[in-house]
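One structure is given here, and the rest of the page talks about it.
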Amino acid sequence: MPELPEVETIRRDLKPLVVGRRIAGVEVDPATLPRLAAVPLEELRSALVGREITSLERRGKHLVFELDCGRALVAHLRMTGRMVWRESGAATEPYERGRIVLEGGNDLRWADLRKFGTWRLVTNAQEVAANLGPEPVGPDFTMARFRAALAGRRAPVKAVLLDQRRVSGLGNIYVDEALHRAGIWPGQAAGELGPAATKRLFEACRAVLEEGIANRGTSFSDYVDGQGKEGKHQMYVKVFRRHGKPCYTCGTTIERIVVTGRGTHFCPRCQPERKSRGKRA
DNA sequence: CGTTACCTGAAA
DNA sequence: TTTCAGGTAACG
């Protein structure tokens, strides 16, 4: 569910609340634990309890709780995960699967309807970056790197944008939005994008993510921020889940197709399918 | 490379 | 009843 803007919103909400706080306990629903963490609860506890949280960072869609021992807890919310700040006495969250109890009377509540989310302990925060492409809202995201990520690929450009090893942080919502903003058909072979289209897409990726952050994320069903409140960006999307409705730019009906196994929304007029220029026998 | 599985619903 | 879901690992 959450993509870069949603995870970044949670990070910004929680960081000032958790930094400097010490972990007093860890609770996890036993039925959820095996897929949540690769280690037994006792190991999670021995790594976390008594540690102070020194920072809260984000890498791609991962939330990274840095600890005073140098290690870090890396949380990934996958489709329906939530990480919410609560008073220790507050009611159990819907679909609450675990909590990190902090000294001083607050918890981080972990809720996850579909139980796809993960917690991982790493020996240092740098490990998180392994296998992740550049941050599209950071200085590492250059035209050169973006061009290299697309070069030679026959897969749909949408598939490449979703591949976290090439660019990190984009998911289904913001990919559809970026392709619309750049005027590119989602099924277009990535390696066949011309220089102008590549540049438009490069800029569109950053722009749609920054707008998503400014609007505190997109809440279509499960996402909430660090305080449990919905984002606003669903009011501003141009194509995502707008199939059957008119394009704001040209009035043409937005279509929905399946690309790379994902529901894909686009305007057939603003994002026309182009015939491959590649040679074929 | 594309497709399926993971889990639990909500919506068509 | 069937389809779909904001993600990704594991298939073939």
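In what follows, every chain begins at residue 1, and chains take the letters A, B, ... in the order their sequences are listed.
For the C1' atoms, the distance linking B/dG9 with C/dA9 amounts to 22 Å, nearest Å. Comparing the C1' positions of B/dC6 and C/dT1 gives an interatomic distance of 22 Å, to the nearest angstrom.
Taking every heavy atom of both residues into account, A/I23 and A/L48 meet most closely at CB-O, 3.4 Å. Heavy-atom minimum distance, A/K61 versus A/G171: NZ-CA, 3.6 Å.
Figure legend: A/R206 and A/F141 shown without cation-pi pairing, the cationic atom not lying both under 6.0 angstrom from the six-membered ring centre and within 45 degrees of its axis.
For DNA chain C, the stems formed by at least three consecutive Watson-Crick or G-U pairs, with both atom-pair distances below 3.5 Å, span B:1-6 with C:7-12, B:8-12 with C:1-5.
If you take CZ of A/R165 and P of C/dT8, they are 11 Å apart, rounded to a whole angstrom. Whole-Å rounding puts the A/I173 CD1 to C/dA5 P distance at 11 Å. Atom C1' of nucleotide C/dC4 and atom NE2 of A/H243 are separated by 10 Å, given to the nearest angstrom. Taking atom CG of residue A/L4 and atom C1' of nucleotide C/dG7, one finds them 14 Å apart after rounding to whole Å. Look at CZ on A/R153: it is 10 Å from P on B/dG2, rounded to the nearest Å. Between A/R166 atom CZ and C/dG7 atom P the separation is 18 Å, expressed in whole Å.
A heavy-atom distance below 4.0 Å to DNA chain B is reached by none of the residues of residues 253-264 of chain A.
Listed by first and then second residue, the side chain to side chain donor-acceptor pair (under 3.5 Å) pairs involving residues 63-75 of chain A are A/R51-A/D68 (not counting sequence neighbours). Among pairs with a residue in residues 133-155 of chain A, those fulfilling side chain to side chain donor-acceptor pair (under 3.5 Å) read A/R58-A/E135, A/R59-A/E135, at least two apart in sequence or across chains. Under the side chain to side chain donor-acceptor pair (under 3.5 Å) criterion, the residue pairs touching residues 98-112 of chain A are A/R21-A/N106, A/T80-A/D112, A/E87-A/N106, A/S88-A/D107, A/E96-A/R99, A/E96-A/R109, A/D107-A/R109, with sequence neighbours excluded. Sorted by first and then second residue, the pairs that involve residues 24-65 of chain A and meet ring pair (Phe, Tyr, Trp, His ring centres under 6.0 Å), not counting sequence neighbours, are A/H62-A/H76.
Between A/Q164 and C/dT8, a side-chain N or O to OP1/OP2 separation shorter than 4.0 Å is present. Between C/dG7 and A/H76, no contact under 4.0 Å exists linking OP1 or OP2 to a side-chain N or O.
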Using a 4.0 Å cut-off on protein heavy atoms (strictly under), produce a 5'-to-3' string for nucleotides 7-12 of chain B with B for base contact, S for backbone-only sugar-phosphate contact, and - for none.
BBS---
Within the sub-3.5 Å range, which N or O atoms of nucleotides 9-12 of chain C have a protein N or O partner, and how far apart are they?
none

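Taking the side chain to side chain contact (heavy atoms under 4.5 Å, CB included) definition, one finds that A/D29 meets it with A/A31, A/T32, A/R97, sequence neighbours left out. Partners of A/F116 by ring-ring contact (aromatic ring centres under 6.0 Å, His included), not counting sequence neighbours: none found. Scored by the salt bridge (charged side-chain N to carboxylate O under 4.0 Å, His left out) test, A/K158 finds A/D176 as partners (sequence neighbours excluded).
Ring pair A/Y174/A/F240: centre-to-centre distance not below 6.0 Å.
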Side chains of residues 251-262 of chain A: which donor-acceptor pairs under 3.5 Å do they make with residues two or more places apart or in other chains?
none

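Looking at A/E127 and A/T123, their side chains do bring a donor and an acceptor atom within 3.5 Å of each other.
Across all strands shown, A/P94 has no heavy atoms under 4.0 Å from either base or sugar-phosphate atoms.
Within 6.0 Å of NZ on A/K15 lie more than 12 heavy atoms contributed by other residues, nucleotides or ligands.
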